Amino acid sequence: MHALANPNRFLKLGDRIQPWALGLCLICLAVGLPIALAFSPPDYQQGDTVRIMYIHVPAAWMSLFCYGVMAAGSASFLIWRQPVANMMARASAPVGAMFAGLCLLTGMLWGEPMWGTPWVWDARLTSMLVLFFLYLGYMALGDAFDRPEQGDKAGAILALVGSVNLPIIKFSVDWWNSLHQPSIFSMAGISLDSSMILPLFLMVGAFQTFYIVVVLMGVRTQVLTAKVRAARLMRGT
Amino acid sequence: MFSSDRQEPKVIVTDLAAQRGGRLIFRGLSFTAEAGEAVMVAGPNGSGKSTLLRLLAGLAQPDAGSLTRLPPENDGLRFAGHRDGLKSGLTVEENLSFWSAIYDAPEGSVVKAIDRFALSRVSDMPVDVLSAGWRRRAGLARLILGSAPLWILDEPYTALDKDNVSRIDGILSEHIANGGIVILATHQSPGFETSQTVDMATYEATYQALADEVLW
Amino acid sequence: MFSSDRQEPKVIVTDLAAQRGGRLIFRGLSFTAEAGEAVMVAGPNGSGKSTLLRLLAGLAQPDAGSLTRLPPENDGLRFAGHRDGLKSGLTVEENLSFWSAIYDAPEGSVVKAIDRFALSRVSDMPVDVLSAGWRRRAGLARLILGSAPLWILDEPYTALDKDNVSRIDGILSEHIANGGIVILATHQSPGFETSQTVDMATYEATYQALADEVLW
Amino acid sequence: MNGFIALIGRELRLSVRLRADTIMVAGFFAVTVILFPFGIGPEPGVLSRIGAGVLWVTALLAALLSLDHLFSDDEQDGSLDLLLTSPVSPTVMAAAKILAHWLTTGLPLIILAPLLGVTLQMPSTSTIPMMTALALGTPTLSLIGAVGAALTLGARRRGVLMPLVVLPLYIPVLIFGVGAIDAAVMGFEATGLYAVLAGFLLISAALCPWAAAVAVRISAE
Amino acid sequence: MNGFIALIGRELRLSVRLRADTIMVAGFFAVTVILFPFGIGPEPGVLSRIGAGVLWVTALLAALLSLDHLFSDDEQDGSLDLLLTSPVSPTVMAAAKILAHWLTTGLPLIILAPLLGVTLQMPSTSTIPMMTALALGTPTLSLIGAVGAALTLGARRRGVLMPLVVLPLYIPVLIFGVGAIDAAVMGFEATGLYAVLAGFLLISAALCPWAAAVAVRISAE
Ligand code: HEM
Ligand SMILES: Nc1ncnc2c1ncn2[C@@H]1O[C@H](COP(=O)(O)OP(=O)(O)OP(=O)(O)O)[C@@H](O)[C@H]1O
Ligand SMILES: Nc1ncnc2c1ncn2[C@@H]1O[C@H](COP(=O)(O)OP(=O)(O)OP(=O)(O)O)[C@@H](O)[C@H]1O
Ligand SMILES: [Mg+2]
Ligand SMILES: [Mg+2]
């Protein structure tokens, strides 16, 4: 673990992982998308609109996952002063915001035929919107200081404080009687037809590996930016 | 006075560097101040005097180098910056009473401070009707609430007339005589013996190389 | 310079008195300042220097006596008080551009002022990251936006280092040489010839009887 | 005129960079919109009944709470003294500040009003009356509020004084403002109520900048 | 401890002398109480339906708009630097400021809640739930808000940032707060919702003063 705290070693490891992740992502997409969009059976209730699920659900899961990474990275940055952890957190934010936006968008597209309205102020939908705003707030705050160090620390604190929203999103369907579907996974097992599980998991795999690729790129950019800044400092300009 | 009941006060600064807004302000700055010393921090505008004093006061973290303050706790410290930290809505006495509670100063400190800084005429006036010099003095009166050995002062003479400059000088030299430490930045020359001068110009960092590990 | 295109600037003060919070600050104060003169207002803290300058600037009305300013309009006047009047959220240039519009100064004044006050290095920095001295200078740069003959300055040297004090002195003496008037209050002695000194101590009104009608 | 425009520009810039007012108004909308349906449930009819009231309370609060700083920020950092010794007349200065204040708190409200109307399930016929009433009423709020802010500028116990001075003067605007919207929604003739709002606006536009200027000058002494 | 009490005393004194928050909250009540019945008419049922929502919007706004100055006043005049170099720990300082903030904006609301209940024609059974929910929820608003105020202290575009940072964190409190009152009014069991509010309060009481303190220290750098 400690080895990864060194930016250069982290980048080297990233260099090795990145092509694999990218390849896996492309394979998952190539296999998963056709199954999801064409070959999987339509739902007996929802018909073809169910295909939105293969984007919507992975996007929802990923947006929660990204926030988790962001919160964990921020914590280890604040506690153990690991700059790389913070870089991971900051690189996760835009991806997470994108997934949250995608989840909201597909949810609204799905809601139109299913509920007759794209939006209701229901607990899950609201809390997801809150998550989206939290991402925006985190990114805005991080860039709002003259000294980047200040932005890093302020953003990290916000990420930690905002993490209380995660359980609310996750359990909102159970706590309130929501229009929204309850969880696929529960104590009782998986409540989804097996023919839908394969494409769903392929899409999850694609999104996950996409995330890895983008975060590695983000961390690399930040390491290089920091190096440029250090070089500038040395010149005293 | 300070050494009798506690540890000797001391400030040790080694190879300090600070950067602000991507610009290295100073680097390689070292000095040591012992009990009974007055350190003058000199240098032109923007050379980093205030930045250094804020580092010494613990308001910011150094970007490189180390900084030891004895005693390390804040109750051994009084800082006075460019701004007075007085609340305009409150009277001089209310302001000083507040700070005396914050500093956990013994009963009667406020009266003593008002007396020593010749503030009795204005003690029940709200701070916003005071003239600039009176206000400054009211801000400095915080210094002698309680008994902190280390005083860090950023341009304390601002707005003071001659009599009051020597009043402050008197208070500062008394503090030094009692075994305290005074670190002050000013563009005027103080009216008492300073044991050393830290000239910020010496530590200017323009076009100087700085090792990688210092920044990381 | 100022007399050619308009009336000669002039300030005539007769028997001025001011009270604040029920206390008579000064009384019987008279002087006249002609074009090309620098008037120094001296006196200890709280003696009424700032109060006098605010009267002269038209910010307050005298409680007795009369005050004539030529030209009487505000566009012949630049006032600089204890506080800079700069907005921390805006950059130096944004601040100066704002004031240049307020003073209806000709195109290019801001660039000239930034140049003359050596502010180009910080012109696009937000004011709140400037050091005290740089900030002060940015505030004073307002003076040469447009061309007002009468400058009223309250402790302009605050926070400035030696080089900058002489830079300001240079600008002030140039202004006087051009036929302007400078009235300044300071505890330091300015580095140029002042033609007269108004010593506030002379006009102190404590324990002095004053006819009822002056105050009422 | 130069000075007037420069002042408005500065106020707008500061508002975006430092003050929370403008976004707060939008944020308040978000909360209102999120909260009221939450609290009240999606029952039709209930929401639409309270729309006008909600709208005006928003306008009032946005005005009131941001007014506190209309002059006091400038007073704190010395800008006010400099403005009063500048060629720009205090009345023009007050007018510019009032206009900027309305642009940052009143105008966003008017622009967002249709959106609020939709989410509060108000009938679409209410959009125009809502915007008209707000357009006629919110400038009056800024105008009256500026006088209050100026009057209490140098005062001790300012915190207590300011709402005490301003709130009573706001009530008539609110009553007629809500009345106009409700009348229009229910299909009654609202022109008379608009006229009253317009009257308030004219009177305060004529008097308030001047009164605020006088009050500011006094406080600077 | 001395410092904690002194800080609270100072904040309360300043609030009465300079800031309009406390009275603004009371004033806002007056307006709400006068305005809503006006806007909605005396139809029974409608008013009481929205009571909980109105109450919470008030609480939220009062908190949000007064938070802007929680640390920035002290930062402006240099007090913050002096407090950070004083023996009082930043966490204690933040806690004192948060408590004082709640005393001046949250508490008046709770005290006045029964009055609002009556004028909004809410059933008398709702008084206790209203006060309980507010008592459990408003401190959380002050706590979370303080973190937002501290985080945005040295930031550029603070005006835009502060609501963006704070509002999302407020939503959960609002949802449960309104839910608890409504449940109680409709005769449902509200204990679970109170428990959630209490949980939020405990978590934020444990975390927020510390987080605000860290954020303040960062901004002073
Ligand atoms: C804008 C509207 C919507 C939002 C913000 C939204 C949000 C979410 C979120 C956050 C999740 C992940 C929950 C978890 O991992 O526990 C999720 C999952 C899901 N959503 Fe939506 N959703 C929306 C609309 C819809 C619609 C209209 C449908 C279909 C009728 C739908 C069906 C599902 C399903 C089946 C899942 C998977 C359930 C699970 O495994 O948890 N969503 N949605
Ligand atoms: N956030 C920042 N971005 C860019 N530059 C900064 C920032 N903060 C401080 N500086 C610069 O750091 C330098 C040091 O400032 P400091 O206040 O320490 O100077 P000083 O020696 O106290 O000057 P003075 O005598 O004018 O008070 C200044 O040039 C200032 O412009
Ligand atoms: N509202 C007021 N109530 C009581 N006294 C007041 C009021 N306003 C001003 N004063 C007093 O008026 C006196 C003159 O103040 P002024 O600011 O003019 O002094 P100054 O000569 O500029 O002093 P300094 O050198 O300290 O700036 C001060 O003693 C001040 O306390
Ligand atoms: Mg300095
Ligand atoms: Mg003065």
Side-chain angles (χ1 to χ4, degrees), chain C residues 18-21 50-51 53-63 69 71-91 94-107 110 126-128 135-136 139-140 142-143 145-146 148 150-152 154, chain D residues 1-23 66 69-97 99-100 104 150 153-156 213-221:
Chain C
Q19 54 98 0
R20 285 286 172 277
S50 301
T51 308
L53 296 192
R54 291 176 69 84
L55 285 178
L56 295 177
L59 282 168
Q61 299 309 312
D63 289 286
R69 229 172 58 198
E73 302 85 29
N74 270 348
D75 43 356
L77 170 73
R78 291 290 176 278
F79 174 74
H82 283 296
R83 291 163 304 172
D84 289 314
L86 300 170
K87 285 285 167 196
S88 351
L90 307 182
T91 66
E94 284 171 332
N95 268 296
L96 290 179
S97 302
F98 166 70
W99 287 111
S100 123
I102 292 288
Y103 294 137
D104 226 340
E107 195 89 17
V110 173
V127 165
D128 43 2
R135 192 185 164 113
R136 184 85 208 164
L140 291 175
R142 267 185 323 104
L143 293 174
L145 296 175
L150 175 60
W151 292 2
I152 298 181
D154 200 354
Chain D
M1 201 56 206
N2 241 342
F4 186 77
I5 292 166
L7 265 160
I8 290 178
R10 182 180 77 145
E11 294 288 313
L12 294 182
R13 214 173 274 167
L14 285 173
S15 166
V16 172
R17 299 218 188 140
L18 295 179
R19 295 181 205 140
D21 316 336
T22 317
I23 307 298
S66 50
H69 298 272
L70 193 63
F71 298 105
S72 73
D73 280 353
D74 276 2
E75 207 252 292
Q76 285 289 319
D77 65 18
S79 304
L80 195 62
D81 287 347
L82 300 182
L83 284 170
L84 289 175
T85 56
S86 80
V88 176
S89 96
T91 312
V92 170
M93 179 197 76
K97 276 180 165 280
L99 182 53
T104 51
L153 194 52
R156 256 170 286 140
V214 174
V216 166
R217 288 206 70 100
I218 290 170
S219 83
E221 282 212 351

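Note that the coordinates shown come from a computational prediction; the quantities given were computed from them, not determined experimentally. Here is the naming used below: chain letters follow the sequence lines, and residue numbers restart at 1 for every chain.
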Steps toward side-chain contact (heavy atoms from CB on, under 4.5 Å) verdict (C:Y103, D:N2): CA-CA 9 Å; C:Y103 294 137; D:N2 241 342; over 6 Å; no
C:N74 (side chain) donor-acceptor with D:V88 (main chain) under 3.5 angstrom: no
Please report the interatomic distance CZ(D:R13) to OG1(C:T91), rounded to the nearest 0.5 Å. 8.0 Å
Say you draw a straight line from NZ of C:K87 to CG of D:L14; how long is it, rounded to the nearest 0.5 Å? 5.5 Å
By the side chain to side chain donor-acceptor pair (under 3.5 Å) test, which pairs, at least two apart or in different chains, include something from residues 80-89 of chain D? C:R54-D:D81, C:R83-D:D81
Looking at every non-hydrogen atom in both residues, tell me the closest pair between C:A101 and D:A6 and how far apart they are. CB-CB, 3.4 Å
Quick check on the structure: residues of residues 213-221 of chain D within a heavy-atom distance below 4.5 Å of chain C, by number. D:R217, D:A220, D:E221
Heavy-atom distances under 4.5 Å only: say whether D:L7 touches chain C with side chain, backbone, both or neither. both
Quick one: does D:R10's side chain get under 4.5 Å of C:N95's, heavy atoms only? no
Between CG of D:L83 and CH2 of C:W99, what distance do you get to the nearest 0.5 Å? 4.0 Å
Under 4.5 Å heavy-atom distance to chain D, tell me which part of C:L86 shows up: side chain, backbone, both or neither. backbone
Is chain D contacted by the side chain of C:R78, its backbone, both, or neither, given a heavy-atom distance below 4.5 Å? neither
